[in-house]
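From a predicted model like this one, the values you see are computed outputs, not experimental measurements.
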Amino acid sequence: MKALVLAGGTGSRLLPITHTAPKQLVPVANKPVLFYGIESLVAAGITDIGIIVGYTADEIRAAVGDGSAFGAKVTYIQQDKPLGLAHAVLVARDYLGDDDFVMYLGDNFIVGGISELVDSFHTKRPDADILLTRVADPSAFGVAELDDAGRVVRIEEKPKSPVSDLAVVGVYLFTPVVHEAVRAITPSARGELEITDALQWLIDRDHTIRSTLITGYWKDTGNVSDMLEVNRSVLETLEPCVSGKIDADSEIIGRVRIERGASISGSRIVGPAVIGAGTTVTNSYIGPSTSIAEDCVIDSSEIEFSIILEGASIEGVGRIEASLIGRETQVTRANRTPRAHRFVVGDHSKVQITP
């Protein structure tokens, strides 16, 4: 069995962070989201992995390499434009050959991995197997309708009037029959070849589409709020470890990881939290559900439920929460009167000011 991991796309919901980095490489608990997916595949025994890349191909290649660091063999497959999930299957046709495969969206996160799903697929041999989860707003997802026996009888992409609250999660298992389906369908109204249309094509021709309802944790990390929530969830499983320097005036409480080369002075760290290598935290408070990447400077500030990317500097700004701070960002207090906020803010940013 092979894997097809999708790591193209524009990441528009994470702008402006994704102006300079692929959304799949934004870290949770100081590790790129994409890495969790690759590790799940390898844990399920799938080590032959094709990665679909687009305009951020160089960054993905630099981060993942040949896959040997994960115990995998990685092949990169170029998709010139993000024209849909089914289009990605078309582009990867030569790589996939006649093998069964898992298609895994590189910005999805599933706690517990997919090993049981893969084992069940090998045993029951449906033509396709999809993951479903109940959501509050199914119109934002592909939506499945099941019959009384639990078989998938209908599937539709982002319907205006959803027939159920069962959303399709970004992990699919296929036999080679799907190649006939993706060749047969036509682009949707939004100009993409939808994998949901390919699945419906299979259903209409009496192929067996099996579904598994996720009862655990799943997130599409395509927006900031979901990214922060995934970060919180991963940090709760963190193994505490202190490899950096902590002075006598600092206090470490709960599940905290302080990586080698980090320095904590006059500060209070309350877990779950991770402080990256080479980061200095001085006279500050780092609260729960916070990841601070490597080589950051945190001085005279409070940060909670946030992700701070590498090289950021936050000095004397009071309290920050529920935030995603980009690489090499500088956030400082303006010491002048009249009192005012001063910004250099990129396109598509969101800024909230407390009066």
Side-chain angles (χ1 to χ4, degrees), residues 24-47 63-65 67-72 104 106-117 214-219 221 226-265 267-282 284-298 302-312 321-325:
Q24 298 85 4
L25 296 184
V26 177
V28 294
N30 285 5
K31 182 164 67 175
V33 171
L34 177 62
F35 288 13
Y36 292 97
I38 294 173
E39 289 168 356
S40 290
L41 291 165
V42 172
I46 304 169
T47 58
V64 177
S68 58
F70 303 90
Y104 198 118
D107 60 352
N108 274 225
F109 188 92
I110 300 174
V111 170
I114 61 169
S115 296
E116 290 185 10
L117 180 70
I214 289 184
T215 56
Y217 187 86
W218 163 80
K219 281 288 184 183
T221 60
D226 285 342
M227 182 71 70
L228 292 173
E229 178 59 23
V230 169
N231 188 64
R232 180 199 63 76
S233 178
V234 174
L235 287 175
E236 287 182 349
T237 68
L238 194 72
E239 287 298 325
C241 178
V242 176
S243 299
K245 296 180 180 179
I246 303 170
D247 75 354
D249 294 326
S250 295
E251 185 178 17
I252 308 299
I253 301 172
R255 193 181 294 272
V256 175
R257 185 174 74 215
I258 299 175
E259 297 178 348
R260 189 177 303 277
S263 177
I264 313 298
S265 60
S267 298
R268 189 168 188 249
I269 316 293
V270 179
V274 57
I275 310 297
T279 286
T280 62
V281 180
T282 307
S284 295
Y285 166 75
I286 307 301
S289 304
T290 300
S291 294
I292 299 178
E294 62 271 20
D295 299 321
C296 293
V297 174
I298 312 297
E302 299 180 10
I303 305 173
E304 188 167 311
F305 190 54
S306 294
I307 299 173
I308 313 300
L309 302 190
E310 61 265 29
E321 62 182 27
S323 298
L324 175 58
I325 307 294

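- The side-chain contact (heavy atoms from CB on, under 4.5 Å) test with I264 is passed by exactly one of I298, V242, I246: I246.
- What you find for A44 and S115 is that their closest heavy atoms are CA-OG, 3.4 Å.
- In this structure, the side chains of V230 and V33 stay at 4.5 Å or more apart for every pair of heavy atoms.
- Shown here for M227 and V28, the closest heavy-atom pair between the two residues is SD-CG1, 3.3 Å.
- Contact of the S289 side chain with the E304 side chain is not registered, since no non-hydrogen atoms from C-beta on lie closer than 4.5 Å.
- Note that the CG atom of N30 and the CD atom of E294 stand 6.5 Å from one another [nearest 0.5 Å].
- In this structure, the side chains of V64 and F70 come closer than 4.5 Å at one or more pairs of heavy atoms.
- Every pair passing side-chain hydrogen bond (donor to acceptor under 3.5 Å, both in side chains) that includes a residue from residues 31-40 is listed here, sequence neighbours excluded: K31-E39.
- Heavy atoms only, all atoms of each residue included: L228 and F305 are closest at O-CE1, 3.7 Å.
- Between the side chain of S250 and the backbone N or O of A248 there is no donor-acceptor pair closer than 3.5 Å.
- Considering every non-hydrogen atom in both I110 and Y104, the closest pair reads N-OH, 4.2 Å.
- Considering only heavy atoms from C-beta on, S291 comes within 4.5 Å of L235 through its side chain.
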Side-chain polar contacts of residues 268-279 - donor-acceptor pairs under 3.5 angstrom, sequence neighbours left out - could you list them?
| from | atom 1 | to | atom 2 | distance (Å) |
| --- | --- | --- | --- | --- |
| R268 | NE | E251 | OE1 | 3.1 |
| T279 | OG1 | A293 | O | 2.6 |
| T279 | OG1 | D295 | N | 3.2 |
| T279 | OG1 | C296 | N | 2.9 |

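- The shortest distance between side-chain heavy atoms of S243 and E259 does not fall below 4.5 Å.
- S267 places a side-chain N or O within 3.5 Å of a backbone atom of S265 that can act as its donor or acceptor partner.
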